[in-house]
Amino acid sequence: MSLFAADFSQSYEKNGLSQEMIQIFQQIIWDYYNSHPREFPWRVTRNPYHIFISEWMLQQTQTSSVVPKYKEFISKLPTFSDLANTSMDEVVKLWQGLGYNRRAIWMKSAAESIVREYNGTLPKDPDHLEKIKGIGHATAREMVTFAYNIPTVFIETNIRRVFLHLFFHNKNQVKDTEILSLVGQTVDITNPREWYYALMDYGVMLKKTLQPDPNRRSYHYKKQPKFEGSNRELRGKILRLKITNPEITNITISQKLKSPLEKINELVTKMEEEGFFEKSLKTTSE
DNA sequence: ATCCAGATTA
DNA sequence: TAATCAGGAT
């Protein structure tokens, strides 16, 4: 199986990208997708707002975690205006459980600017979207391609894996710029939306199949710091505290806390010892 | 332990 | 470039 990948990569390294290679590559991806497509609610809709929400949630978050949150969110806040007009506290509450909470904050403010500056319509130009805080190169283009079926060129973790495996089989420290060039040359512009679904699904299959993960050969690969004992963990606890006990809201958390952090840490530890979080979590999860 | 349909900031 | 990000799944 990976014998083919080695050959394929060697051919690319030796002769560059021929039309024939592009066709073979596209055939592999489409063949797999036609028999093993993953199904998600955000793949069925064409509502740009729904795509917008899903892309924010899918940043660094597993698809299976996003599904229920996505459904709940678009059900309670069905339009850009609804999101723009809902309080930040309420939006963060709806977000709870997804993590990387600042996405929720930026997402709401993005909705406000789309209502204000784009008449409530998701822009079709990735460069416009990328100017919004929290929307980077990949998310901007995913939104445009998935909402409007417009061909763009982007890379994310699953796509990166596909190209590392098939085009850079025995190369280390591969840079994204090099991969992006290939993504652009091989994208199927007859149906870019489905093409990228297929590409990502193939990448997920490779992750389940290959050991070690080819992404470790990326120049940009890095291990994540521990969550346990981090400020992130602490902030999460305080968020739950604020949500479950509004009367304790005097504790405001600045984004850059240093010395207050220790005080809050003491407080949280004390409350943990008293079993505060267990009690409050039970009362809110019902 | 490591990653997840990343992005920002220093 | 490296560190961080109001989590959770595998």
Side-chain angles (χ1 to χ4, degrees), chain A residues 38 40-43 51-70 88-89 91-110 129-143 145-146 152 154-162 173 175-176 183 193 196-208 210-216 218-244 249 251-258 261 264 268 277 281:
Chain A
R38 292 187 300 167
F40 297 112
W42 51 84
R43 285 189 177 185
I51 301 297
F52 171 90
I53 299 296
S54 73
E55 290 303 330
W56 280 100
M57 292 184 168
L58 286 164
Q59 290 177 2
Q60 290 290 286
T61 304
Q62 291 175 253
T63 55
S64 58
S65 306
V66 171
V67 171
K69 289 289 178 183
Y70 165 84
M88 192 62 86
D89 279 357
V91 174
V92 172
K93 270 185 205 170
L94 284 173
W95 193 268
Q96 208 210 348
L98 282 171
Y100 294 113
N101 213 340
R102 65 186 182 184
R103 289 180 294 168
I105 296 168
W106 289 336
M107 182 180 78
K108 172 179 159 48
S109 106
L129 282 170
E130 204 174 340
K131 290 193 178 96
I132 297 175
K133 185 164 309 214
I135 299 181
H137 183 274
T139 303
R141 282 153 189 80
E142 285 170 343
M143 285 182 181
T145 292
F146 295 144
T152 65
F154 63 89
I155 181 174
E156 48 74 75
T157 187
N158 296 312
I159 296 174
R160 182 179 296 117
R161 187 179 302 111
V162 173
Q173 299 296 103
K175 296 189 176 180
D176 280 354
V183 173
R193 174 161 37 204
Y196 277 109
Y197 293 162
L199 209 47
M200 289 189 284
D201 288 1
Y202 194 80
V204 170
M205 179 278 289
L206 288 180
K207 182 176 177 63
K208 287 188 277 194
L210 299 177
Q211 188 62 249
D213 188 339
N215 279 358
R216 296 196 173 196
S218 166
Y219 177 81
H220 311 276
Y221 169 77
K222 50 185 180 284
K223 282 193 287 190
Q224 228 186 17
K226 283 186 179 175
F227 176 73
E228 205 176 327
S230 67
N231 283 4
R232 273 173 54 206
E233 183 183 30
L234 185 55
R235 289 179 199 279
K237 286 179 179 174
I238 296 168
L239 175 65
R240 287 202 293 277
L241 192 150
K242 289 181 73 165
I243 287 177
T244 54
T249 347
I251 312 169
T252 45
I253 315 152
S254 80
Q255 205 67 329
K256 304 169 184 165
L257 38 87
K258 291 253 174 174
L261 184 62
I264 295 173
V268 172
F277 292 110
L281 280 178

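To find a chain, count down the sequence lines: A is the first, B the second, and so on, and within it residues start at 1.
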Look up atom CZ in A/Arg161 and atom CD in A/Glu156, then write down how far apart they are to the nearest 0.5 Å. 8.5 Å
Output yes when at least one side-chain N/O atom of A/Thr157 is less than 4.0 Å from OP1 or OP2 of B/dC4, else no. yes
Determine whether the aromatic ring centres of residues A/Tyr70 and A/Trp42 are separated by less than 6.0 angstrom. yes
Side-chain N or O of A/Arg161 less than 4.0 angstrom from OP1 or OP2 on B/dC4? yes
From A/Arg103 atom CZ to A/Leu58 atom CG, the distance as rounded to the nearest 0.5 Å: 8.5 Å
Filtered N/O pairs between nucleotides 1-4 of chain C and protein, under 3.5 Å:
unit_1 : atom_1 : unit_2   : atom_2 : d
C/dT1  : OP1    : A/Tyr219 : OH     : 2.8

For C/dC5 and B/dC3, measure between their C1' atoms and round to the nearest Å. 15 Å
Is the base of B/dA5 syn or anti, if syn means a glycosidic angle within 90° of 0? anti
Measuring only the P atom in each nucleotide, how far is C/dA3 from B/dT2? A whole number of Å is fine. 16 Å
Base, sugar-phosphate, or nothing for A/Ile135, non-hydrogen atoms under 4.0 angstrom? sugar-phosphate
What is the distance from CE of A/Met143 to C1' of B/dA5, rounded to the nearest Å? 12 Å
Between C1' on B/dA7 and CZ on A/Phe154, what's the gap in Å once rounded to a whole number? 16 Å
Nearest-angstrom distance from the residue atom CD of A/Glu233 to P of C/dG8: 10 Å
Does a side-chain N or O from A/Lys93 land closer than 4.0 Å to OP1 or OP2 of C/dA6, or not? no
For a quick check of understanding: with a heavy-atom distance under 4.0 Å over all strands, which category does A/Trp56 fall into, base, sugar-phosphate or nothing? nothing
What residues form a side chain to side chain contact (heavy atoms under 4.5 Å, CB included) with A/Lys93, not counting sequence neighbours? A/Glu90, A/Ile243
Nearest to the side chain of A/Gln62, heavy atoms from C-beta on, is which of B/dG6, C/dT10, C/dG7? C/dT10
Rounded to the Å, how far apart are A/Leu58 CG and B/dC4 C1'? 10 Å
Atom pair CD1/CE of A/Ile135 and A/Met107 - distance to nearest 0.5 Å: 10.5 Å
Within the side chain of A/Glu55, is there an N or O that forms a donor-acceptor pair under 3.5 Å with the backbone of A/Ile51? no
For a quick check of understanding: with a heavy-atom distance under 4.0 Å over all strands, which category does A/Arg141 fall into, base, sugar-phosphate or nothing? nothing
Under 4.0 angstrom, heavy atoms only, what part of the nucleic acid is A/Trp106 near: base, sugar-phosphate, or nothing? sugar-phosphate
Have a look at A/Tyr221 and say if it touches a base, only the backbone sugar-phosphate, or nothing, with a 4.0 Å heavy-atom cut-off. sugar-phosphate
Checking A/Thr145 now: which residues fulfil side chain to side chain contact (heavy atoms under 4.5 Å, CB included) with it, not counting sequence neighbours? A/Thr152, A/Phe154, A/Pro192, A/Tyr196
In terms of side-chain heavy atoms of A/Tyr197, which of B/dA5, C/dA9, C/dG7 is nearest? B/dA5
Nearest whole angstrom, please: distance from the P of B/dA5 to the CD1 of A/Ile51. 16 Å
Both A/Ile132 and A/Tyr100 contact DNA chain B. Which one's nearest nucleotide lies toward the 5' end? A/Tyr100
Looking only at side-chain N and O atoms, does A/Lys207 come under 4.0 Å of OP1 or OP2 in B/dC4? yes
Out of B/dC4, B/dG6, B/dC3, minimum distance to the side chain of A/Ala138 belongs to B/dG6
CG of A/Leu98 versus P of C/dA9: gap in Å, rounded? 10 Å
Distance between P atoms of C/dG8 and B/dA7 (Å, rounded): 22 Å
With respect to the phosphate group of C/dG8, does any side-chain polar atom (N or O) of A/Thr61 fall under 4.0 Å of OP1 or OP2? no
For A/Thr139, report the nucleic acid contact type (base, sugar-phosphate, nothing); a contact means any heavy atom under 4.0 Å. sugar-phosphate
Side chain of A/Gln60: nearest nucleotide among B/dT9, B/dA5, B/dG6? B/dG6
What does A/Gly97 touch in the nucleic acid at a heavy-atom separation under 4.0 angstrom: a base, only the sugar-phosphate, or nothing? sugar-phosphate
If only atom types and distance count, is the side chain of A/Arg102 paired as donor or acceptor with the main-chain N or O of A/Gly134 below 3.5 Å? no
Atom-pair distance (CZ on A/Arg160; C1' on B/dC3), nearest Å: 12 Å
Rounded to whole Å, NZ of A/Lys208 lies from P of C/dA9 at a distance of 17 Å
Between atom CD of A/Gln59 and atom CE of A/Met57, what is the distance when rounded to the nearest 0.5 Å? 11.5 Å
